[in-house]
Student: 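The structure under discussion is supplied below as structure tokens; questions concerning it will follow.
This chain uses plain numbering: 1 for the first residue, then up along the sequence.
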Amino acid sequence: MLSFIDIPGVHLFYTIICVLLISILARLILYVSQHMMRTAISAWKVTLVSLGTGLSVVLATYSFTLSIDAGPASQATWIFFAINFCTSAICGAIILCVVRSPIGNTKHDLLNSLLLAALIYSLHMMTPITLYPDLLDVDPIEVLTSIVLTQSTIFILFRFFNMYTNGEQMKWGKLLLLFGSLMSGIAIVGLGYCIFASFTSYHSVLSHNLHFMIPTVIVLISNTILTVIPLLYRNRALLTTHQLYQSLFNDNPNAVLAVEKDGSILHANKESKYLTGYDGDTIKRMDAIALFLEKELFQDCLDIIKNGGSHQWDTKIVSRSGTQIDVHVTGIPTIVKHHIVGYFLVIKDISHTIETAKQVEFLAYHDDLTKLPNRRLMQKKMQEYADKGIPFSILLIDYDLFKRINDIFGHSFGDRVLVETAARLERILDGKGTVNRVGGDEFLLIVPGDSATRLAQYIVEQFRQPIRLQDYEHVLQASIGIASFPEHAEDMDNLYKYADIAMYQTKENGGNNYTVFKPEMAEKQVLRFEIEHELQGAIETQAFDLYFQPKFHSFTRTITGAEVLLRWHHPERGFIPPNLFIPIAEESGLIVAIERSVIERVMACLSKWREDTNECMIPCISINVSVITFLQDDFSSFFRKQLNHYNLNGSVLELEITERVVMQNETKINSTLQKLRETGVKISIDDFGTGYSSLNYLDKLQVDILKIDQTFIQHIEYNQSIVATIQSLAENLKLHTIAEGVETEAQLQALRDLGCTEVQGYLFSKPLPQSDFESAYIMQVPADA
């Protein structure tokens, strides 16, 4: 008889092959089971592991039989191997499923290992009983030892496989896995030899005890290695995890408190000291609830946490100095072995966030410059009064000519005026209403009761008192519109609209006063809207008629030129006067398109007249240009382009601008005037003497003509000194003058006596349609004459 140690060749070779196969199987189980932790179990994976398990066990069993000189295997032996293979394959599938189960429950792990150990022990035990009944020699101590060894080995292998499969936050190296797989193979093969030896007895060079002791020692060594190495790595992983969570706790930018179930603070990070003012030793002796101002809220939230749920809430804590701090708290239960033993409180200081939110909310409802409530808060306040049924009035206040302040003194100065105005209005109201800033220079007052008109009159009087800023005294004028709830409207949008309509009515009446809304004003506003809409169509269809009012020499009474005027004969409304549609066109911006169309049409007339008659007989035509049109960036280039298109010289045209143009940006005005004068066109200032501070600009601006306003001519007997002053000023500046609105011979004679040589008015001719003007004043001379 020869033992497996006796033959150095064949038996040891099969033993090593078996160890390697089982090691490969162990590595395969590790790979497949870990892969299946992330994916579903597939049939081919289970089949692969099952076949490998069956093959390895059969080879291990066959290697046992080689230790005994039993002769050639019988048919029963191969049947046994087939049954063993199938049973082992089933065992492999069970192992694959078991090692995928979560770890951490010792009872669960022990039960699984008992089942696996019983199955594996049965397979190995059946080998000697089935194949070698003649050699049976059961040693109870060895059998008991092999049973215990089988159970411990399977338990250790199971924990090793399961620990790797489930991760356990351990960084497994490839060499460690290969070494562990090899130890697994050695332990399983050695375990088979132990079981085989405990049930058999045969003669060899080794004693019977050594046949059992040698594989037992090998298995114990393998088990020790498979136990110690994972524990060392696991302890290292636990230390890393501890340091990780300790860093998360101590270096957290928020205050973190570890609290026991009874409410006492167990640990506190360094941020807690900065937030609460309590040092680490002091805060550990405190109850967590003592930090919070709203203790009932804290207790309610704590009940949720103690029931196993995380919870977040906003509250206040009281620091050691007594300061109340707004915080956001996150409560997280601490669970150990399925029992809540305490909780963590993560406390974030949100006082800055809340302050920022308050500022954002303030800016959302208040004007940034004056700090007054804005339009949004105004609407809320009005709606509150309306919902409560409280009668109130709104006063919409708009500065007259506020743009002039910005243009002359700059926008920063204009801002200071607005701030001073806001303070003045608040002093006037004295808490009996609300002041709101709703636009650039628009303020709205909400006043409960029926004292709106008295208040408006008082505001007008107070605004006449000068404001002193930067060594200047400024008298501000404001137009006020008043609308009342529920008298005029119950809807807030309509109420504001009616106040706006009343305010514009004040402006039309000269400003610096107040107007109470009346229903007919709304009708007038609707008419303005309809006319604005119809103006667009009139521009496209050139529905405006050109009228020409001739100008005459005051002594010879001969024609010197003509002023072109617009007339609009509406197909449904009839004649619409210029003083109605021109302001609407200016407000809507349509005046630019209208006046450019007039310029083109006048140039077309001049071109036609030059073809039809002698060029020297063409009168100079003057065209009124509004401030909006004149200040367009491309106006001078447009004018030059049209002259070139009609092959005209600018000397046959005169552009009339008002003193409002003169009051705009001086640099831009001079630049535009210079470009226009290069074409030869003449520039006149219309309605001279009725504007503001024009004398300051006359010596700076290059103009040619001053038109004396008809208001001075109509009562020239009383205004003769004014007209004389204007005439003298023009002569000193080498400017020409034209008197408007001359209707009587007495007016004409007075102008002659003052030296005014050019006039226009109904004394000579009213404005004429284009055809009448051409037949009366344009000589129809053939082109070849």
Side-chain angles (χ1 to χ4, degrees), residues 548-565 599 602 606 615-625 630 639 643 648-662 669-670 672-691 694-714 716 719-743 747-765 767 777:
F548 296 83
Q549 184 170 27
K551 303 176 186 177
F552 296 89
H553 195 282
S554 60
F555 292 96
T556 63
R557 294 179 179 259
T558 57
I559 185 171
T560 57
E563 177 183 0
V564 66
L565 304 171
I599 291 173
V602 168
L606 288 170
E615 188 170 353
C616 65
M617 299 300 296
I618 300 176
C620 181
I621 304 298
S622 62
I623 305 172
N624 290 283
V625 180
F630 188 83
F639 189 81
L643 286 176
L648 294 174
N649 188 286
S651 60
V652 298
L653 287 166
E654 174 187 325
L655 296 181
E656 296 187 12
I657 59 177
T658 64
E659 289 181 301
R660 288 179 60 195
V661 175
V662 177
I669 293 297
N670 271 326
T672 303
L673 285 175
Q674 180 61 35
K675 293 176 182 177
L676 289 171
R677 288 178 62 83
E678 290 174 358
T679 67
V681 68
K682 299 180 180 65
I683 305 296
S684 65
I685 296 181
D686 196 15
D687 303 331
F688 184 78
T690 61
S694 300
L695 298 180
N696 296 332
Y697 292 91
L698 284 180
D699 60 340
K700 299 178 182 179
L701 301 177
Q702 296 180 343
V703 297
D704 303 288
I705 303 167
L706 298 181
K707 296 192 72 173
I708 305 172
D709 189 68
Q710 61 181 346
T711 56
F712 300 122
I713 306 303
Q714 288 175 354
I716 195 170
N719 300 320
Q720 190 164 353
S721 59
I722 296 177
V723 178
T725 300
I726 296 174
Q727 182 66 33
S728 176
L729 175 66
E731 291 174 356
N732 290 330
L733 295 175
K734 296 181 174 54
L735 301 178
H736 185 63
T737 59
I738 300 175
E740 298 180 297
V742 179
E743 298 180 354
Q747 294 170 353
L748 177 62
Q749 187 57 47
L751 289 169
R752 287 174 176 174
D753 295 341
L754 293 174
C756 181
T757 59
E758 192 170 4
V759 296
Q760 68 179 110
Y762 277 32
L763 177 62
F764 295 93
S765 175
Y777 297 104

Student: Compare every heavy atom of Gly561 with every heavy atom of Pro619, then report the nearest pair and how far apart it is.
Tutor: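 Heavy atoms only, the tightest pair is CB-CA, 3.8 Å.
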Student: Which pair of non-hydrogen atoms, one from Gly741 and one from Gln747, has the smallest distance, and what is that distance?
Tutor: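 Minimum heavy-atom separation between Gly741 and Gln747: O-OE1, 3.7 Å.
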Student: Output, in order, the C-alpha distance, side-chain angles, deciding distance and verdict of side chain to side chain contact (heavy atoms under 4.5 Å, CB included) for Phe639 and Thr672.
Tutor: CA-CA 11 Å; Phe639 189 81; Thr672 303; over 6 Å; no
Student: Side chains of Leu643 and Leu653: closer than 4.5 Å at any heavy-atom pair?
Tutor: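 A side-chain contact exists here, since the closest heavy-atom pair is under 4.5 Å.
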Student: With the side chain counted from C-beta on, respond yes when Leu751 and Ile713 share a heavy-atom pair under 4.5 Å apart, and no when they do not.
Tutor: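 Side-chain contact under 4.5 Å: yes.
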Student: With sequence neighbours excluded, tell me which residues meet ring-ring contact (aromatic ring centres under 6.0 Å, His included) with Phe764.
Tutor: Phe552
Student: Are Glu740 and Asp686 packed together at the side-chain level, in the sense that at least one heavy-atom pair is separated by less than 4.5 angstrom?
Tutor: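 The answer is yes; the side chains approach within 4.5 Å.
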Student: Using 0.5 Å steps for rounding, measure from the OG atom of Ser765 to the NZ atom of Lys551.
Tutor: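 Atom-to-atom, Ser765:OG and Lys551:NZ are 13.5 Å apart.
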Student: Distance only, no hydrogens: is a donor on one side chain within 3.5 Å (strictly under) of an acceptor on the other, for Glu563 and Asn624?
Tutor: yes
Student: State whether a side-chain donor-acceptor pair under 3.5 Å links Lys707 with Ser622.
Tutor: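 Looking only at side-chain atoms, Ser622 and Lys707 do not form any donor-acceptor pair under 3.5 Å.
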Student: Please confirm whether the backbone N or O of Gly680 pairs with a side-chain atom of Ser651, one donor and one acceptor, at under 3.5 Å?
Tutor: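 No, the answer is negative, given that no donor and acceptor are paired below the 3.5 Å cut-off.
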Student: How long is the gap from CD on Glu743 to CG on Leu748, to the nearest 0.5 Å?
Tutor: 12.5 Å
Student: So, Asp704 side chain and Ile683 main chain: donor-acceptor pair closer than 3.5 Å or not?
Tutor: yes
Student: So do the side chains of Pro550 and Tyr777 get within less than 4.5 Å of each other, counting heavy atoms only?
Tutor: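 In short, these two side chains touch, coming nearer than 4.5 Å.
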Student: I would like to know whether Ile705 and Glu654 meet side chain to side chain contact (heavy atoms under 4.5 Å, CB included); could you show each step before the answer?
Tutor: CA-CA 9 Å; Ile705 303 167; Glu654 174 187 325; 3.4 Å; yes
Student: Applying side-chain contact (heavy atoms from CB on, under 4.5 Å), name anything that partners Gln749, two or more places apart in sequence or on another chain.
Tutor: Arg752, Asp753
Student: How many angstroms lie between atom CD1 of Ile657 and atom CZ of Phe630, to the nearest 0.5 angstrom?
Tutor: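 Answer for the CD1-CZ pair, Ile657 versus Phe630, is 4.5 Å.
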Student: Kindly compute the distance separating CG (Leu754) from OG (Ser721), expressed to the nearest 0.5 Å.
Tutor: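 One finds 10.0 Å between CG of Leu754 and OG of Ser721.
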Student: Could you tell me which non-hydrogen atom of His736 sits nearest to which non-hydrogen atom of Ile738, and how far apart they are?
Tutor: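 Heavy atoms of His736 and Ile738 come nearest at CD2-CG1, 4.1 Å.
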Student: What's the separation between atom CD in Gln760 and atom OG1 in Thr560, rounded to the nearest 0.5 Å?
Tutor: 8.5 Å
Student: Apply the test side chain to side chain contact (heavy atoms under 4.5 Å, CB included) to residues Glu731 and Thr737: give CA-CA distance (whole Å), side-chain angles for both, the deciding distance (0.1 Å), then the verdict.
Tutor: CA-CA 9 Å; Glu731 291 174 356; Thr737 59; over 6 Å; no
Student: Measuring from atom CG of Asn719 to atom CG of Asp709, what distance do you get when rounded to the nearest 0.5 angstrom?
Tutor: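 That separation rounds to 10.5 Å.
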Student: For Leu735 and Leu706, which heavy atoms make the closest approach, and how far apart are they?
Tutor: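 Nearest heavy atoms, Leu735 then Leu706: CD1-CG, 4.0 Å.
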Student: Where do Phe555 and Cys756 come nearest, in terms of heavy atoms and distance?
Tutor: CE1-O, 4.4 Å
